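Numbers restart at 1 for each chain; the letters A, B, ... are given by sequence-line order, proteins then strands. Remember, it's a predicted structure, so these values are computed and weren't measured experimentally.
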Amino acid sequence: MIKKILIANRGEIAVRIIRACREMGIQTVAVYSEADREALHAKLADEAICIGEAPASESYLSMERIISAAVVSGADAVHPGFGFLSENSRFADLCRQCGIIFVGPPAEVIEKLGNKQEARKTMIAAGVPVVPGTEEALEDCGAAFLAAERIGYPIMIKAALGGGGKGMREVYDPADFEECFKTAQKEAQNGFGDGRMYLERLVKNPRHIEFQILADSYGNVVHLGERDCSIQRNHQKLIEEAPSMVLTEKMRDEMGEAAVKAAKAAGYVNAGTIEFLLDKENHFYFMEMNTRIQVEHPVTEWVTGVDLVKAQIKIAAGEKLEFAQKDIKIQGHAIECRINAENPEKGFRPSPGTIEDLYLPGGKGIRIDTAVYSGYTIPVYYDSMIAKLIVWGKGRKEAIRKMQSALGEVIIEGVDTNVDYQYEILHDQDYLDGNIDVEFIRRFSGG
Amino acid sequence: MKLDNMFKKSQVSAVENRERELKSEVPEGLLRKCNLCKKVILTEDVENGYYICPKCGGYYHMPAMERIRMIADEGSFEEWDAEMRPVNPMRYKGYLDKLKLQQEKTGLREAVVTGKAKIDGSDVVLGVCDGRFLMASMGQNVGEKIARAVEKATEMRLPVVMFACSGGARMQEGIVSLMQMAKTSAALKRHSEAGLLYISVLTDPTTGGVTASFAMLGDIILAEPGALIGFAGPRVIEQTIGQKLPKGFQRSEFLLAHGFLDGIVERKQLRDTLSRILKLHGTQRLSGEKGASDRTAKESVGAGSKSALAGGVSAGVRNRDIAEERYKKDKKRILSEKLSVQAGIKKKRLEAWDRVLKSRKSDRPSGSDYIRALFTDFIEFHGDRYFGDDAAVVGGVARFHGMPVTVIAQEKGKGTKENIAHNFGMPKPEGYRKALRLMKQAEKFCRPVICFVDTPGAFCGIEAEERGQGEAIARNIYEMSALSVPVLSVVVGEGGSGGALALAVSDEVWILENAVYSILSPEGFSSILWKDSSKAKEAAKVMKITAENLYKQHIVEQVFEEPEEFTAENIDVVTEKMDGEMLAFLEKYGALSKEELREHRYRRFRSM
């Protein structure tokens with residue numbers, strides 16, 4: 001039985017977890033940095049402990065201090081939220097060593113899934129589709145050409161130590177392969193002093209579709225449907241929705257089954273997310289597994305009726321899942337917009353500062369998860385997401401209308417936000433038509 | 001809006017709260033407090049992170065076995081003399097019990113662990129002190145283990161690497177403990193006389209009798225940053241003199257500045273640095289007893305040389321004849337080349353004074369530029385081991401086409417800040433003494449010496465005289481004349497008088513087209529002889545200080561052409577040619593025996 005949880009996080013997710021705990025009759029301990037003395041999570045929790053200076057490395061990332069705070073406050077469990085230490089296997093292990101429940105999967109599972117190559121191998125072994133590619137690095141152009149034939153075109157050539165587009169080439173025609181491989185390899189050789197290359201099938205303009213799963217300690221795994229998170233800027237998600245309008249019931253079952261298989265193969269326990277790429281021909285490929293609660297979890301909560309944070313805590317306490325796959329029904333359509341304190345006109349530059357005035361919409365089908373309030377000062381040290389606006393409608397069209405209306409009501413004075421930018425996306429014809437993929441923002445911004 | 005105490009808290013009865021048993025606790029040893037920054041840290045991070053505080057970067061004392069794990073190749077360490085019978089020479093009460101307690105606490109038998117290991121493939125004899133064991137003080141068994149290890153190293157012709165850390169002599173063993181200083185030092189002397197390398201690494205703290213014996217006797221002495229190193233402890237000094245000691249006193253950085261360390265090396269870089277030094281000193285030496293170093297000289301210097309002399313030349317007389325013959329031949333070669341060189345110089349006729357100005361130009365390549373352009377793997381070594389480290393002289397070991405060489409350069413630095421740091425290339429006595437120390441080491445390890453001369457002159461000042469500037473220059477000239485390894489000097493900028501000659505008593509002296517070499521600066525010359533320093537321009541002409549003049553007077557053997565605007569950017573134009581000539585020089589002189597080399601150098605200056 002968990003009676004007291006320490007929340008090793010800040011911002012809206014810390015508030016979200018505190019609220020879930022209160023509903024469950026669990027006492028809460030917040031930890032905060034010196035920059036977060038006035039933060040909502042610190043005020044809302046039953047106890048609050050200052051764990052260090054403003055930089056995250058000195059506070060929210062300091063395993064030693066958080067463990068000490070948990071022991072001193074007598075917390076039975078630590079909920080890591082997302083970001084910070086949430087996917088740190090060492091932290092999970094330290095909690096275990098100190099007799100504290102870590103609300104998340106076991107350390108070994110985090111470790112295994114955090115390693116890209118190993119996660120890929122696990123999935124291949126479990127029969128979960130992955131983007132076809134070479135398992136081992138190649139140096140010889142001839143051997144690479146043969147491998148490319150096996151994998152199928154178009155193909156992506158990637159340097160083993162690559163980054164920033166260097167040593168990368170897209171090849172559409174086998175006739176271009178040799179030249180592309182050699183120039184990419186030369187780039188890699190010059191850039192990183194390493195000429196080992198990987199090949200991977202190029203998945204052109206895919207959708208980002210992810211499946212939420214829940215797994216208890218007794219081997220029961222269910223999926224809670226998908227989220228379409230294709231609207232992203234520089235790999236930062238902006239808008240998420242559930243369900244995805246391109247998945248048929250059959251595909252949902254198929255992908256959901258793959259997700260469950262993936263979770264089982266990894267020995268997964270607690271809430272997790274399996275990310276897939278979905279190409280234009282509806283082929284899907286495993287990308288990675290996130291071993292934590294996601295920012296966008298509310299859209300799944302709304303279309304399934306499951307409180308994911310509560311479910312996490314119950315699983316961590318050793319309870320069995322209260323439902324089976326057949327009990328999960330997707331109802332209606334939910335959309336989430338992330339509201340960030342940033343200026344889209346100035347290259348999305350973060351805009352910390354004091355919120356002078358704040359008005360947030362409400363009413364049926366509207367949910368706001370936030371940690372800001374009027375007079376609150378957003379510190380410069382942490383990320384710029386200040387609120388999540390989530391709406392629910394019977395169908396996608398109704399949900400979009402509701403989101404348009406709600407965004408139009410948001411008033412945040414004192415700092416710049418991306419509300420107007422989001423508002424414009426919500427009126428974009430492609431978005432309205434559901435014509436979206438991971439390149440949407442590039443096209444939308446005219447880039 | 002202030003939110004203090006605005007929200008309702010969970011209602012949990014006080015009784016329920018009190019009844020809660022605390023299930024969680026931090027297991028013993030999981031966390032520890034840094035004794036430097038006082039922050040709580042994970043023990044595991046310390047153990048996996050070189051025993052360095054992950055928060056403040058401070059160094060902790062390392063257990064000997066951890067040190068060996070960090071330095072030696074995995075599984076390569078073979079411990080020697082692990083079991084020693086405890087001794088109690090003074091029958092000091094409770095001493096043996098104390099030893100026993102220490103043994104149980106540390107899992108060690110004594111305060112030093114010795115044995116054989118490989119460092120990145122190089123065989124070494126390794127000794128590591130462990131400060132947990134009675135402050136790693138040196139008693140009979142510690143001294144005995146070190147002496148035996150060094151003796152074995154001598155026998156096996158292996159280098160020795162010692163990690164020192166000690167409070168000093170072991171008081172409980174009285175005078176016997178003092179004698180260990182002599183015992184260890186004597187063993188090291190024999191090791192050194194066998195031409196073998198000893199690297200001493202000083203860690204926090206190295207004090208007392210250990211500092212005054214094996215710790216300070218390394219051919220190369222390295223230290224970890226911030227380590228306390230001294231003979232008398234700081235507290236004792238403070239009590240004795242009744243003064244507060246300045247911050248940083250007796251720390252590694254203080255010792256480096258005072259000339260007692262070759263370098264300070266971060267713990268993470270230690271293994272790599274040791275490996276590089278060991279490789280530069282060629283651990284795989286020839287195993288022959290007598291004359292091994294002679295042969296090594298030829299191996300290392302004249303690699304690939306087809307010299308007919310390589311064999312049985314030993315008689316002094318014959319040596320001299322041959323050397324003389326060679327020297328005459330050289331002169332012929334020089335004469336035949338003279339025309340072409342002159343032609344080279346002729347095409348852009350400059351006044352002597354113009355060349356003086358060129359030689360002083362601030363963007364001209366400096367000594368370090370030549371080191372970078374011509375050599376690889378350069379490791380700089382610091383200090384004269386007497387007083388200081390002079391930045392006007394940069395020296396160390398490097399590779400030239402793979403062969404280890406000792407490189408010494410006078411360095412002016414670039415830009416005002418660097419100029420000041422390098423004292424405008426004007427060495428103090430400690431600079432010359434450092435150079436000599438490095439040359440003597442080159443001789444011990446049979447490496448050729450290559451010097452780059454670029455100085456307005458030896459530093460002129462009170463402290464330079466106090467420390468014997470004249471003596472330092474004289475000593476260099478005196479010792480260089482008889483070095484038994486090839487010595488080459490290249491005047492690359494200003495060759496200012498005795499300050500230049502102290503690095504130029506060489507087998508050959510080369511000069512760059514617009515470098516100068518003179519008895520005095522033209523300004524000084526005109527002021528002494530004509531009582532008018534403004535006539536420097538005329539003086540430059542009269543003094544015959546240009547490369548062309550020097551070549552004609554047989555002061556230099558080669559002149560290297562320079563590009564019109566000569567900077568570090570286009571240094572290649574000069575160094576590419578120099579590289580080929582250097583290779584030829586090393587092949588030629590590397591083939592000579594020690595006696596021939598000395599004789600040749602003697603003749604060179606004897607004939608002037």
Chain A contact via B:Leu30 - which portion, at a heavy-atom distance below 4.5 Å: side chain
A:Lys43 (side chain) donor-acceptor with B:Asn5 (main chain) under 3.5 angstrom: no
Please flag which part of B:Leu3 lies under 4.5 Å from any non-hydrogen atom of chain A: side chain, backbone, both or neither. both
Would you indicate whether the side-chain heavy atoms of B:Lys39 and A:Arg65 approach each other to under 4.5 Å? yes
Are more than 12 heavy atoms, taken from residues, nucleotides or ligands other than A:Glu111, located less than 6.0 Å from that residue's CD atom? no
Take atom NZ of B:Lys577 as the centre, draw a 6.0 Å sphere, and report whether it contains more than 12 heavy atoms from other residues, nucleotides or ligands. yes
Can you list every salt bridge (charged side-chain N to carboxylate O under 4.0 Å, His left out) pair that touches residues 7-20 of chain A, not counting sequence neighbours? A:Arg10-A:Asp36, A:Glu12-A:Lys388, A:Arg16-A:Glu301, A:Arg16-A:Asp307
Applying salt bridge (charged side-chain N to carboxylate O under 4.0 Å, His left out) to A:Glu108 and not counting sequence neighbours gives A:Arg96
Who in residues 43-52 of chain B is close to chain A, using a strict under-4.5 Å heavy-atom cut-off? B:Glu44, B:Asp45
Rounded to the nearest 0.5 Å, what's the gap from CD1 on B:Ile41 to CD on A:Glu64? Could you check? 7.5 Å
Could you give all pairs that pass the salt bridge (charged side-chain N to carboxylate O under 4.0 Å, His left out) test and reach residues 369-385 of chain A, with sequence neighbours left out? A:Arg367-A:Asp369
Before you tell me yes or no, could you show the steps for A:Gln97 and B:Val26 under side-chain contact (heavy atoms from CB on, under 4.5 Å), namely the whole-Å CA-CA distance, both residues' side-chain angles and the distance that decides it to 0.1 Å? CA-CA 7 Å; A:Gln97 286 188 49; B:Val26 179; over 6 Å; no
Spatial distance of atom NZ (B:Lys55) from atom CD (A:Glu58) [nearest 0.5 Å]: 5.5 Å
B:Glu28 atom CD, neighbour heavy-atom count above 12 within 6.0 Å: no
Let me confirm one number: the CG-NZ distance from A:Asp46 to B:Lys8, rounded to the nearest 0.5 Å. 13.5 Å
Near B:Glu569 CD, under 6.0 Å, is it more than 12 heavy atoms from other residues, nucleotides or ligands? no
So for atom CZ, which belongs to A:Phe84, do other residues, nucleotides or ligands contribute more than 12 heavy atoms lying within a distance under 6.0 Å? yes
Take a 6.0 Å sphere around NZ of A:Lys320 and say whether it holds more than 12 heavy atoms from other residues, nucleotides or ligands. no
